[in-house]
Amino acid sequence: EPEVTQTPSHQVTQMGQEVILRCVPISNHLYFYWYRQILGQKVEFLVSFYNNEISEKSEIFDDQFSVERPDGSNFTLKIRSTKLEDSAMYFCASSPRFGPYNEQFFGPGTRLTVL
Amino acid sequence: AQSVTQLGSHVSVSEGALVLLRCNYSSSVPPYLFWYVQYPNQGLQLLLKYTSAATLVKGINGFEAEFKKSETSFHLTKPSAHMSDAAEYFCAVSDKGSQGNLIFGKGTKLSVKP
């Protein structure tokens, strides 16, 4: 069964460094999402992406963050200069259809630790 | 702003017992409602969703949830717990006017005792 994959599973970085989190969505899906979960807190929406453009973003998704679909398969989240408070589990999701009632398929997450 | 509350960060039941995981939403306009499950080292997997058809929704693995507008609730139940149900369960909503971004509760970790 097709699934969303994410790499790496765990990333440790120093404060101020750039990180790129990678996701491979399900191949025929067109809508892509990033969420994050800080330890002990809720899963929070970061950004949605369609047709090589950001569709919607939350207040968390500031200028430090960017997303890209560099080729036909990968979907990446870049954090330009990491802060301690960026430590979280980051989930990628994809969906074949657009709309608030459609299922999103999630990857297993990347745990980012900023030291 | 829309919010989701899951009562109980950790629920423990015996194998064969009823599972009840609680979820309440805040919107006065009923949103679309979802339950996701996360097994260790895996992504979130959709259990079931409510999209304003039947108020009792049946999902995978014997789970079901009932939408109650008067209580702004969407509690998840399973009549008889199995060891394989041990996982973390997330309730989420999506506003009807939104582009689909999900608003999650904090999650409830379900433990099943033999």
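Basis for what follows: all heavy atoms, side chains included, without hydrogens, waters or symmetry-related copies. Just so we're on the same page: letters track the sequence lines, and every chain starts at 1.
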Trainee: Within a 6.0 Å radius of atom CG on A:Asp71, are there more than 12 heavy atoms belonging to other residues, nucleotides or ligands?
Mentor: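 Yes - once you tally the heavy atoms of other residues, nucleotides and ligands closer than 6.0 Å, there are more than 12.
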
Trainee: Establish whether B:Tyr32 and B:Val37 are linked, either directly or via other cluster members, by ILVMFWY side-chain heavy-atom contacts under 4.5 Å.
Mentor: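 Not linked; separate clusters.
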
Trainee: With rounding to the nearest 0.5 Å, note down the distance linking OG1 in B:Thr5 to NZ in A:Lys42.
Mentor: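 Separation between the atoms: 5.5 Å.
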
Trainee: Roughly how far, to the nearest 0.5 Å, is the CD atom of A:Glu103 from the CZ atom of B:Phe34?
Mentor: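 Taking CZ in B:Phe34 and CD in A:Glu103, the distance rounds to 8.5 Å.
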
Trainee: Is there side-chain contact between B:Gln45 and A:Phe105, with at least one heavy-atom pair below 4.5 Å?
Mentor: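 In short, these two side chains do not touch, never coming nearer than 4.5 Å.
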
Trainee: Would you say A:Leu39 has more than 12 foreign heavy atoms packed within less than 6.0 Å of its CG?
Mentor: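 Counting neighbours around CG of A:Leu39, 12 or fewer heavy atoms of other residues, nucleotides or ligands fall under 6.0 Å, so no.
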
Trainee: Given that the side chain runs from C-beta out, which part of B:Tyr50 has a heavy atom under 4.5 Å from chain A: side chain, backbone, both or neither?
Mentor: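 Interface part for B:Tyr50: neither.
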
Trainee: Between A:Gln41 and B:Phe104, is any pair of side-chain heavy atoms under 4.5 Å apart?
Mentor: no

Trainee: When you group the ILVMFWY residues by side-chain heavy-atom contacts below 4.5 Å and let the links chain together, are A:Val114 and A:Leu21 in the same group?
Mentor: yes

Trainee: So, do B:Ile103 and A:Phe45 sit near enough that their side-chain heavy atoms are less than 4.5 Å apart?
Mentor: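 A side-chain contact under 4.5 Å is absent here.
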
Trainee: Are B:Leu102 and B:Tyr25 connected into the same hydrophobic cluster when the rule is that any two of I, L, V, M, F, W, Y join if their side-chain heavy atoms are below 4.5 Å apart?
Mentor: no

Trainee: Below 4.5 Å, heavy-atom pairs only: which of B:Val4, B:Leu46, B:Val93, B:Thr51 has the largest tally toward chain A?
Mentor: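 So the answer, after comparing B:Val4, B:Leu46, B:Val93, B:Thr51, is B:Leu46.
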
Trainee: Please answer: with hydrophobic residues joined when any side-chain heavy atoms are less than 4.5 Å apart, are A:Leu112 and A:Phe61 in the same cluster?
Mentor: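 Yes; A:Phe61 is reachable from A:Leu112 via cluster members.
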
Trainee: A quick test of your reading: do over 12 heavy atoms of other residues, nucleotides or ligands sit less than 6.0 Å from CD of A:Glu85?
Mentor: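 Enclosed.
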
Trainee: Can you tell which part of B:Phe90 gets under 4.5 Å to a heavy atom of chain A, answering side chain, backbone, both or neither?
Mentor: side chain

Trainee: Starting at OH of A:Tyr35, measure out to CG of B:Leu44 and round the result to the nearest 0.5 Å.
Mentor: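 It is 10.0 Å, given to the nearest 0.5 Å.
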
Trainee: Test of understanding: clusters of I, L, V, M, F, W, Y form through side-chain heavy atoms closer than 4.5 Å, transitively. Do B:Leu33 and B:Leu20 belong to the same one?
Mentor: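 In one cluster with B:Leu33: B:Leu20, no.
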
Trainee: On a heavy-atom basis, which atom in A:Glu56 and which in B:Asn101 lie closest, and how many Å separate them?
Mentor: OE1-OD1, 2.9 Å

Trainee: Working to the nearest 0.5 Å, report the span between CD of B:Gln38 and CE of A:Met89.
Mentor: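 That separation rounds to 6.5 Å.
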
Trainee: Drop me the distance from A:Gln37's CD to B:Lys106's NZ, to the nearest 0.5 angstrom.
Mentor: 10.0 Å

